[in-house]
Amino acid sequence: MTDVLREALGRAAEKLGAPDVEFVLERSKDTGHGDMATNLAMVLARVQKTSPRAVAAKILESLELPPGLVDKTAIAGPGFINFWLATDELAASLRAIIGAGDRYGAHDYGSGIRVNVEFVSVNPTGPLHVGHGRGGALGDAIASLLEWSGHQVTREFYLNDAGVQIDRLAQSLWARVQEAVGRSAEIPEGGYHGEYLRGDAARLLEREGRAFADLPEEEGVRRCRVLAVQAQRETQDQDLASFGVRFDLISSEQAIYDRGAIGKTLALLHARGLTFERDGALWLRTTDFGDDQDRVLRKSDGTYTYFLPDIAYHVDKHDRGFDRAIDVWGADHHGYIPRVRAAMRALGYPDEFFHVSIVQLVKVLRGGEEVKMSKRSGEFITLRDLIDETGPDAARYFFLMRRADSPLNFDLDLATTQSDENPVFYVQMAHARMSGIFRVAEIDPDTVSADVQLDALPAPEDRELLKKLTAFPEITARAARELEPHRLTGYLEELARLTHGWYHKCRVLGEPPAVERARLALARATRIVLANGLTLLGLTAPDRI
RNA sequence: GCGCCCGUAGCUCAGGUGGAUAGAGCAUCAGCCUUCUAAGCUGAGGGUCGUAGGUUCGAAUCCUACCGGGCGCACCA
C-alpha cells in the first residue's frame, strides 16, 4: 500500500515540475497525524523557494489516488501531508498477513545475491565465552535476515588451526597429559592454563591408552596438535549447537596453506605491482588504498603474518562466487579493518563486497555486580555456563537486543526472571496468550478465516494492533539492509506491548459473532507476526508458558 | 600522540540517510483483579540529547573544535 501511495506522490511531484525528487513517506508516529505522512511538500518548497504549505495544497490538487486507499488527507505542521488509510485497505492487510502465514515479512529483493556471513571464527584453543555468544547470535541473525530478504546465504566459520597458538595449545595439552599420569610438567610460556585441558587430557588417555603419555615428547606434542584442536572443536560445536547456531562450512586456515593459496595470492598482489621489499620483509602497499601504514605480508624470518592468509581466505570467498562477504568481528579487531579493506581494493573488488560488523564487549552482571572475566587465569564465564543458566532463548535475545557496536550489559538476574520485566519473556508471553485464545476456544488457529468485516472491530486498540502488524515487513527489510537485528527485537517488544494491551482491553470469545470472528482473525495474524519475528531471531514461539 | 566506536530521563537503551511536542523499558508515584494466563493493564512525574560554535526554514541527527569513556595503533594472532 505504501508503494501505491509513493508512486502517486511521485507522479504528483512530476506534474509540479520535479520528476526525480527524493522524499520520505513514513508511518505517522502520532495517531493524530493519520496513518502515513510525507515531507514531499517541504522538499519541493526548498527547491522551488516557496512556502511548504502552499506546495502541499498543490500536491493534493494534482494527487490522483486509486479509490479505496485513503479516507482523508490533511496538511499539518510545517508542511507535512498526512493520510488516513481506508478501512478496506487495512482489511486487505489482514488478509495479506494470514495469506502469507509463516512467510509474512519475507522479501525477495535479495534474490540472486550470494552472501557469505562469517562469524564466531574463534581460535580452537578453548571453550567459547560470552563474547563469542554475542557474535554467534548476531551472525546467525544477520544471516537469517538476509535469507528472509531472498539472499542466498552461507554461514561460515574460519578456523585458525595454523600458527604458533596451536603449538602452545599442543604443548599445554601434552603437559596436562603428563600431569594426569602423575608426572610434573609445566604449561609453556603463553600456554593455556584452563581447567578444560585437564578434562581433555583425561579423555584422551582413556581413548588412546595410558601408553600415550610415554611417547617421546616430540611425537606426543605432534599428536596433541591434532587431538587438542579436535577436542576444542567438539566442545565449541556442542556449545554452538545448544545455542541453536549451525554452520554450513568450517574453513580451515591450514587448508589455505596446504592447497597453495598463499603463493597464488602473493602472485596476484605482486602482479598488480603492489608489493615491495624492505628490511628483508615483503610488504603490501595498503596506504594506496586508505590504510594509514603499509603492512607486512612475509616477515624477514620467512614466515607469513596473519594478514596474508586472511587475504587469501577472502580471495577464496570471492572466487567461490560470493557477491558479498560479511565478517562479524570482536571490537578488539576493529583496527584490522582498514588493512583488509585496502587489500580488497588492491585486488579490485568492489567496496560492497567486504563488510565488517563489529561486536562490542559483553559485561555480565549478577546482583548488579559485574562478573569478572579473565582469560589469562583461565577463569571466565563460558557460553555454556550462560546457556545453562538462562536457556538459549534468553541468551540469544539479550545478545541481539542492543546495537552490535554498543557495549552490552547482560543482566543475568533479568534474563532468568519470569516476569514482564524480562523482554524475552514479555514477547514470548504475548505469543502464548494469542495461542491461549485458540486453545480455550478449541479452534485450530490455521483454520480461522481472514475474510472478516473490519467494521466489526469496534475498539481503537484493534486498529492500532493491526497497523503495527502491517509494519513488520518494513522492519525486516530495514533490519536486513542495515544488518541490525536489534531493530527486530525493538519492534517485537512494541508489538508485544500492544498485544498485551489489546488482550486486556478487547475480549475475543463470547463477543457478538461478527466481532468474535474479526478478533479471532486479528489474534491469528498477531500470532503469525510474533512467531515469525521470534523464529527469525532463532527463538522459540511457545504456545504456553 | 594518531585512528575507530560511544556520550540521549535516576538506571539500561531506542531514535542517527535533518522534519511535527525527543521515545521505550526498568525504577518512583497514583490507580486497576467476577476475564481468553494479574506471568497483566492505565495514568503521572522525570531531559541544557557531553560542551561550544557552524550549516539550514528546521539539528539528537550533518560539519568543526573541545571534554569524558571504551577499543585499537607489531616483521602477534
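These figures come from a predicted structure and were not determined experimentally. Below, chain A is the first sequence line, B the second, and so on; all start at residue 1.
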[atom1] of [X] versus [atom2] of [N]: gap in Å, rounded?
X	N	atom1	atom2	value
A/Tyr491	B/rG23	OH	P	21 Å
A/His431	B/rA39	NE2	C1'	17 Å
A/Leu361	B/rG69	CG	C1'	13 Å
A/Leu488	B/rA24	CG	P	20 Å
A/Tyr192	B/rA77	OH	P	12 Å
A/Gln418	B/rA38	CD	C1'	15 Å
A/Leu495	B/rA14	CG	P	20 Å
A/Arg402	B/rA24	CZ	P	15 Å

N/O (side chain, [X]) to phosphate O (OP1/OP2, [N]) under 4.0 Å:
X	N	value
A/Tyr503	B/rU37	yes
A/Arg487	B/rG15	yes
A/Ser419	B/rC26	no
A/Arg403	B/rC5	no
A/His504	B/rC33	no
A/Asn409	B/rC13	yes
A/Arg478	B/rG16	yes
A/Tyr426	B/rA38	no
A/Lys299	B/rA77	yes

Under a 3.5 Å limit on both distances, the Watson-Crick or wobble mate of B/rU61 is none
Answer for the Watson-Crick or wobble partner of B/rC71, both distances under 3.5 Å, is B/rG3
Q.
Please verify the inter-ring angle class for A/Tyr109 with A/His107; under 30° counts as parallel, over 60° as perpendicular, anything in between as tilted.
A. tilted
Strictly below 4.0 Å, N to O, side chains only: are A/Arg27 and A/Glu474 in salt-bridge contact? yes
*Would A/Lys505 and A/Glu464 pass as an ion pair if we require N to O under 4.0 Å?*
no
Notebook entry, point to check: Heavy atoms under 4.0 Å, any strand shown: does A/Ala331 hit a base, just sugar-phosphate, or nothing?
Noted result: sugar-phosphate
Task: Test side-chain contact (heavy atoms from CB on, under 4.5 Å) applied to A/Leu465 and A/Glu461, step by step - done: CA-CA 6 Å; A/Leu465 178 58; A/Glu461 285 82 0; over 6 Å; no
